[in-house]
Amino acid sequence: MKQGKRLAAVISVLGLMLFLSGCSTDPVNAQSTGIWDHYIVWNFIRAIEALSNIFGHNYGWGIVVFTIIVRIVILPLMIYQMRSMRKTSELQPKLKELQAKYPDRDVESMQKMREEQQKLYAEAGVNPVAGCLPILVQMPILIALYQAIYRSETLKTGHFLWMQLGGRDPYFILPVLAALFTFATSWLSVKSQSEQNMMTTMMTYGMPLIIFFTALNVPAALSLYWVITNAFSVVQTLVINNPFKIQREREEKKRAEKARQRKLEKAKRKALKSKKKK
């Protein structure tokens with residue numbers, strides 16, 4: 001359910017961005033009015049231009065640095081999301097027990113199951129909707145960046161490496177990289193989970209395809225944003241929520257539990273033998 005909501009949120013964001021390509025294309029500048037144009041889109045343009053000046057008026061590097069700054073700003077939220085997802089993953093066995101306890105789908109049974117689920121979440125300190133928060137936070141950023149590039153004559157005509165930022169990547173390199181880094185991020189996130197299901201598999205392989213085909217139809221600057229933000233996510237996951245480390249810890253915990261059970265059984269057999277001798 002949680003993964004389904006996350007997938008729906010991502011698809012909604014991408015769909016909204018494509019929809020916006022058909023909306024207002026009026027240039028945004030210092031004379032623009034309105035909260036969105038003057039205070040958000042225009043300030044995005046100013047920030048990217050200011051950063052670009054540091055790199056010899058290279059707007060591509062301005063977008064790269066801007067993206068990294070955005071990721072650093074929302075890093076606390078991403079850390080919270082990762083920790084919440086890990087706790088939720090550890091709760092999966094207990095959640096399955098609840099589903100087995102309430103197999104019926106009548107209103108009363110479903111209500112009782114939800115109440116016990118909420119109790120489990122509260123005891124573990126888990127927020128079930130935490131996984132959607134970073135997506136909701138990034139939604140206005142993506143939309144504002146899209147419009148900052150599309151509605152700024154300066155940024156739209158800027159060049160970076162082999163491409164014009166306001167046009168599509170002619171060699172499809174950025175869409176491919178965006179898809180690969182998206183896959184790497186999803187794969188690492190899924191690998192850290194104690195259990196996998198059909199929805200997580202769909203997310204792992206479906207999201208890169210969605211990103212790839214969307215990146216083919218948006219300005220190269222936005223594809224560049226996706227490449228950098230997902231590359232940042234890969235590094236962030238490996239540092240903060242390393243799935244290989246989590247798996248080792250999980251295996252060590254299982255081995256320790258098995259060893260404890262063996263010692264307990266051994267102690268029981270020893271006590272039973274002593275009782276029989278008496």
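All values reported here derive from a predicted model rather than from experimental measurement.
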Nearest atoms (heavy-atom pairs only) where [X] meets [Y]:
{"X": "P140", "Y": "W36", "answer": "O-CH2, 3.9 Å"}
{"X": "G166", "Y": "P219", "answer": "O-CB, 3.9 Å"}
{"X": "V234", "Y": "A184", "answer": "CG2-CB, 3.7 Å"}
{"X": "T182", "Y": "A178", "answer": "OG1-O, 2.6 Å"}
{"X": "I40", "Y": "A144", "answer": "CG2-CB, 3.8 Å"}
{"X": "D37", "Y": "Q147", "answer": "OD1-OE1, 4.4 Å"}

Rounded to the nearest 0.5 Å, what separation is found between the [atom1] atom of [X] and the [atom2] atom of [Y]?
{"X": "W226", "Y": "L177", "atom1": "CH2", "atom2": "CG", "value": "13.5 Å"}
{"X": "K263", "Y": "R260", "atom1": "NZ", "atom2": "CZ", "value": "10.5 Å"}
{"X": "I45", "Y": "S52", "atom1": "CD1", "atom2": "OG", "value": "11.5 Å"}

_Using side chain to side chain contact (heavy atoms under 4.5 Å, CB included), reason through I63 and F160 one step at a time and then give a plain yes or no._
CA-CA 10 Å; I63 291 170; F160 180 64; over 6 Å; no
[Y] backbone acceptor or donor facing [X] side chain under 3.5 Å:
{"X": "T229", "Y": "Y225", "value": "no"}
{"X": "N53", "Y": "H57", "value": "no"}
{"X": "N230", "Y": "S233", "value": "no"}

*asked:* Run S152 and V28 through side chain to side chain contact (heavy atoms under 4.5 Å, CB included) and show every step you take.
replied: CA-CA 6 Å; S152 167; V28 174; over 6 Å; no
*Are R151 and S32 linked by a side-chain donor-acceptor pair shorter than 3.5 Å?*
no
Should [X] and [Y] be regarded as members of a common hydrophobic cluster, given that ILVMFWY residues are connected when their side-chain heavy atoms come within less than 4.5 Å of each other, either directly or indirectly?
{"X": "L209", "Y": "V218", "answer": "no"}
{"X": "V41", "Y": "I35", "answer": "no"}
{"X": "L224", "Y": "I210", "answer": "yes"}
{"X": "F212", "Y": "L174", "answer": "no"}
{"X": "V65", "Y": "L222", "answer": "yes"}

*What do the steps show when you test I69 against L51 for side chain to side chain contact (heavy atoms under 4.5 Å, CB included), and what is the final call?*
CA-CA 11 Å; I69 291 172; L51 292 168; 4.1 Å; yes
*Can you check side chain to side chain contact (heavy atoms under 4.5 Å, CB included) on F213 and L216, steps first, answer last?*
CA-CA 5 Å; F213 287 110; L216 292 175; 4.0 Å; yes
Do the non-hydrogen side-chain atoms of [X] and [Y] ever get within less than 4.5 Å of each other?
{"X": "D169", "Y": "Y171", "value": "yes"}
{"X": "V64", "Y": "W61", "value": "yes"}
{"X": "Q236", "Y": "R71", "value": "yes"}
{"X": "W162", "Y": "P170", "value": "yes"}
{"X": "I211", "Y": "F181", "value": "no"}

For [X], look at atom [atom1] and say whether over 12 heavy atoms of other residues, nucleotides or ligands are found less than 6.0 Å away.
{"X": "Y39", "atom1": "OH", "result": "no"}
{"X": "R114", "atom1": "CZ", "result": "yes"}
{"X": "L264", "atom1": "CG", "result": "yes"}

*Can the ring centres of F66 and F44 be said to be less than 6.0 Å apart?*
yes
